Amino acid sequence: MSTIDLTKDTFQAAIKDSKPLIVDFWAPWCGPCRNFAPVFDEASTQHEDITFAKVNTEDQQELATGMGIRSIPTLMVFREQVLLFSQPGALSAGQLQELIEQVKSIDMDKVHAEIAAQQSQDDNDSA
């Protein structure tokens with residue numbers, strides 16, 4: 001599967017998709033972004049069960065600001081509407097593959113249970 005381009009209008013729908021989503025925040029003038037692009041694109045052809053997306057921070061400044069992007073490239077990984085990973089800096093092909101394997105192996109039932117427990121604790125703390 002090739003990568004898709006996300007905008008502030010399509011971002012939320014992409015997060016809600018059932019497939020894991022890996023987002024590359026980049027800009028055309030960014031050398032490390034241009035160097036990482038082939039690694040990201042190659043991974044997208046090898047993992048049909050993951051959505052690979054790009055956000056051009058020049059065109060989507062409001063989205064980038066809203067997501068707290070301070071440095072590019074930045075990768076974010078979402079699964080079942082949960083942000084699992086956010087890190088600035090380009091990854092090597094091996095590092096990206098390792099990240100993909102980790103994302104696929106996460107027990108999302110456990111993650112959702114931990115989030116619910118934390119929200120319950122926060123609710124009790126504020127009561």
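All values derive from a computational prediction rather than experimental measurement. What you see below is based on every heavy atom in this structure, not just the backbone, and it leaves out hydrogens, waters and symmetry mates.
- Within 6.0 Å of the NZ atom in Lys104, the count of heavy atoms belonging to other residues, nucleotides or ligands exceeds 12.
- Side-chain N/O atoms of Glu101 and His47 include no donor and acceptor closer than 3.5 Å.
- Ala53 approaches Leu21 most closely through the heavy-atom pair CB-CD1, 3.9 Å.
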Show your reasoning for whether side-chain contact (heavy atoms from CB on, under 4.5 Å) applies to Gln118 and Ile115. CA-CA 5 Å; Gln118 183 62 48; Ile115 291 170; 5.7 Å; no
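- For Lys54 and Asp24, the salt-bridge test passes: some basic side-chain N is under 4.0 Å from an acidic carboxylate O.
- For residues 60-78, there are no side-chain hydrogen bond (donor to acceptor under 3.5 Å, both in side chains) pairs, not counting sequence neighbours.
- The minimum heavy-atom distance between Val103 and Arg79, with the atom names listed, is O-NH1, 2.7 Å.
- With hydrophobic clusters built from ILVMFWY side chains whose heavy atoms lie under 4.5 angstrom apart, Ile4 shares a cluster with Met76.
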Passes side-chain contact (heavy atoms from CB on, under 4.5 Å), Ile22 versus Ile50? Steps please. CA-CA 7 Å; Ile22 302 178; Ile50 295 177; 3.9 Å; yes
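- Scanning all heavy atoms of the two residues, the minimum distance from Leu91 to Val39 falls at O-CG1, 4.1 Å.
- Residues Phe78 and Met67 share a closest heavy-atom pair of CZ-CE, 3.7 Å.
- Side-chain contact between Asp59 and Asp5 is absent, with no heavy atoms from C-beta onward closer than 4.5 Å.
- The only member of Val55, Leu83, Leu63, Val77 that meets side-chain contact (heavy atoms from CB on, under 4.5 Å) when paired with Val23 is Val55.
- Annotation for Pro73 and Ala90: closest pair CG-N, 3.7 Å, computed over non-hydrogen atoms.
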Determine whether Ile100 and Phe52 satisfy the following criterion, side-chain contact (heavy atoms from CB on, under 4.5 Å), listing intermediate values before the conclusion. CA-CA 11 Å; Ile100 290 167; Phe52 288 78; 3.9 Å; yes
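- Between Gln102 and Phe85 the shortest side-chain heavy-atom distance does not fall below 4.5 Å.
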